[in-house]
Amino acid sequence: MKKAKLFGFGLTALALTVALAACGGGKKDSTDGKSAGGDADHSVVIVTDIGGVDDRSFNQSAWEGLQAWGKEHDLKKGADGFDYIQSNDASEYVTNIDTAVSNGFKTVFGIGYLLADSIGTAADANPDTQFGIIDSVIEGKDNVVSATFKDQEASYLAGVAAAHTTKTNTVGFIGGEEGAVIDRFEAGFHQGVIDTAKELNKDIKVEIEYAASFGDPAKGKALAASMYQKGADIIFHASGGTGQGVFQEAKDLNETGSKDKVWVIGVDSDQDKEGKYKTKDGKEDNFTLTSTLKGVGAAVQDISNRALEDKFPGGEHLVYGLKDGGVDLTKGYLSDEAQKAVDAAKEEIIAEKITVPEVPKDVKE
């Protein structure tokens with residue numbers, strides 16, 4: 001396994017991913033109505049985690065990045081160009097990856113760390129196929145590239161934003177399934193809240209819950225309802241499709257006006273659209289305070305471009321962080337004071353003056 005390295009795909013690529021993700025679900029295939037070519041020797045497919053390509057988050061970002069790649073190279077959706085295979089349950093990972101290989105795709109991406117074991121097994125069985133794993137690391141395989149993100153850095157900024165915005169001095173974090181990736185979100189957010197609370201002379205409580213699923217909106221809604229009832233006025237979710245329930249609960253509360261405004265912090269892509277609602281008196285408003293950004297689509301696009309040039313980075317571990325534009329935080333509806341604090345924290349992280357923990361046990365109260 002080659003040494004892990006920081007890799008910057010550039011702000012332009014990330015901006016493209018953000019622009020695509022902001023379009024939300026229901027986007028037509030980028031090649032609809034066009035005469036596009038094929039390239040079977042460089043075809044690419046993503047195998048999603050549960051939640052699918054319209055989860056308005058992680059999987060959707062990957063698919064939109066791949067669509068952008070296909071459009072860039074005038075490729076069509078299908079086995080000679082690009083496509084996706086959707087997993088509706090974890091039991092489908094192996095079958096879906098096998099289907100991708102048997103359909104002749106040259107590069108197969110597993111979108112999410114939960115697919116790592118299945119990708120690793122498939123890579124051993126199919127040495128002539130190129131594999132990519134997003135959000136995990138598979139070592140010792142020359143036909144696998146691993147791409148991970150410094151989610152803790154963007155999450156720290158979300159914590160700074162939350163601490164500056166909360167009026168109840170209680171904020172929440174809802175994760176999907178526990179593991180190394182979501183640990184980074186929880187640890188970064190928690191530390192950002194703690195550090196900022198100290199600066200502001202506040203005592204801020206952080207409620208933390210897990211849904212044990214990335215595809216259970218009902219559980220997300222129930223957890224959010226409990227947190228808001230306990231006094232939280234901001235919830236940061238890192239839960240994929242489960243987060244749709246978090247947004248729905250916030251929408252219900254804000255539209256009924258049964259309590260003061262509550263906020264949600266989005267994840268992986270700009271989830272501003274999910275926060276739109278009408279107040280009790282019919283005015284349009286938004287409760288997505290801000291969103292952490294993760295260049296999943298840009299990473300898929302970058303690796304696919306390398307493969308197209310016959311420079312597939314097999315055996316490498318690519319790491320994307322704040323410094324190279326791999327993660328970030330949207331402006332959203334932050335106050336000037338909160339934005340100034342976020343900008344300052346971002347500069348300090350990039351300058352390595354702030355080291356953000358990756359696991360919750362390393363969070364320093």
Side-chain angles (χ1 to χ4, degrees), residues 148-176 178 180-210 224 227 231-239 243 246 262-271 287-295 319-365:
T148 61
F149 301 81
K150 294 188 175 183
D151 301 298
Q152 70 275 14
E153 295 183 343
S155 299
Y156 184 95
L157 301 184
V160 173
H164 271 274
T165 306
T166 181
K167 293 181 179 179
T168 63
N169 288 338
T170 300
V171 300
F173 173 84
I174 293 178
E178 294 187 59
V181 174
I182 307 304
D183 275 355
R184 293 198 286 267
F185 285 97
E186 179 192 331
F189 179 70
H190 198 174
Q191 193 67 63
V193 172
I194 290 171
D195 289 352
T196 308
K198 290 178 181 177
E199 293 175 6
L200 297 174
N201 239 357
K202 285 184 175 183
D203 182 13
I204 301 176
K205 184 178 181 181
V206 182
E207 298 277 355
I208 297 171
E209 295 286 353
Y210 279 80
M227 280 190 179
D233 57 350
I234 302 169
I235 294 176
F236 174 37
H237 90 93
S239 58
V246 178
V262 297
W263 298 91
V264 177
I265 296 177
V267 70
D268 292 338
S269 62
D270 188 349
Q271 296 193 301
F287 60 80
T288 301
L289 179 63
T290 180
S291 300
T292 60
L293 300 177
K294 183 171 186 169
V319 183
Y320 305 87
L322 273 179
K323 188 173 183 178
D324 47 61
V327 299
D328 211 334
L329 191 76
T330 65
K331 165 64 175 166
Y333 300 91
L334 302 182
S335 67
D336 291 342
E337 177 190 16
Q339 186 62 56
K340 184 177 180 180
V342 166
D343 291 341
K346 181 177 179 179
E347 289 180 5
E348 291 192 313
I349 291 171
I350 291 173
E352 299 182 357
K353 294 180 180 179
I354 293 177
T355 301
V356 186
E358 296 186 43
V359 291
K361 69 181 180 63
D362 291 334
V363 172
K364 297 178 181 179
E365 298 282 353

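Side-chain contact between Thr288 and Thr330: absent, with no pair of heavy atoms (C-beta onward) separated by less than 4.5 Å. Side-chain contact between Lys150 and Val319 is present, with heavy atoms from C-beta onward closer than 4.5 Å. Using a 4.5 Å cut-off on side-chain heavy atoms (C-beta onward), Thr292 and Asp151 make no contact. Using a 4.5 Å heavy-atom threshold, the side chains of Leu289 and Leu334 count as touching.
One finds the CG atom of Leu329 at 7.0 Å from the CG atom of Leu293 (value rounded to the nearest 0.5 Å). Summarising the geometry, atom CG belonging to Asp195 is positioned 10.0 Å from atom CD belonging to Glu348; distances are rounded to the nearest 0.5 Å. The line from CG of Asp183 to CD of Gln152 is 10.5 Å long, rounded to the nearest 0.5 Å. Atom CD1 of Ile354 and atom OH of Tyr156 lie 4.0 Å apart (nearest 0.5 Å). Separating the OG1 atom in Thr290 from the OH atom in Tyr333 is a distance of 10.5 Å, to the nearest 0.5 Å. In this structure, OG in Ser155 is found 9.0 Å from CD1 in Ile265, a value given to the nearest 0.5 Å.
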- [ ] Go through the steps to decide whether Leu322 and Leu157 satisfy the test side-chain contact (heavy atoms from CB on, under 4.5 Å), and finish with yes or no.
- [x] CA-CA 10 Å; Leu322 273 179; Leu157 301 184; 4.1 Å; yes
- [ ] Could you give me the CA-CA distance, side-chain angles and deciding distance for Val264 and Phe287, then say whether side-chain contact (heavy atoms from CB on, under 4.5 Å) is met?
- [x] CA-CA 6 Å; Val264 177; Phe287 60 80; 3.9 Å; yes
- [ ] Could you go through the side-chain contact (heavy atoms from CB on, under 4.5 Å) check for Tyr210 and Glu186 one step at a time?
- [x] CA-CA 10 Å; Tyr210 279 80; Glu186 179 192 331; 2.6 Å; yes
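Between Ala197 and Ala163 the shortest heavy-atom distance is N-CB, 4.4 Å. Taking both residues in full, the closest heavy atoms of Gly231 and Thr170 are given as O-CB, 3.7 Å, listed atom of the first, atom of the second, then distance. Nearest heavy atoms, Gln271 versus Ser291: N-OG, 3.0 Å. Pro360 and Ala187 make their closest contact through N-CB, 3.7 Å (heavy atoms, listed as atom of the first residue, atom of the second, distance). Nearest heavy atom pair, residue Ile234 against residue Ala162, reads CD1-O, 3.5 Å. Contact detail for His164 and Leu200: the closest heavy-atom pair is CE1-CD2, 3.6 Å.
Counting heavy atoms of neighbouring residues, nucleotides and ligands inside a 6.0 Å radius, atom NZ of Lys340 does not exceed 12 of them.
Listed by chain and residue number, Glu207 satisfy the salt bridge (charged side-chain N to carboxylate O under 4.0 Å, His left out) test with Lys205 (two or more places apart in sequence, or in another chain). Remark: Phe236 pairs with Phe173, Phe189 by the ring pair (Phe, Tyr, Trp, His ring centres under 6.0 Å) rule, at least two apart or across chains.
Here salt bridge (Lys or Arg N to Asp or Glu O under 4.0 Å) pairs that include residues 349-365, with residues two or more places apart or in two chains, number zero.
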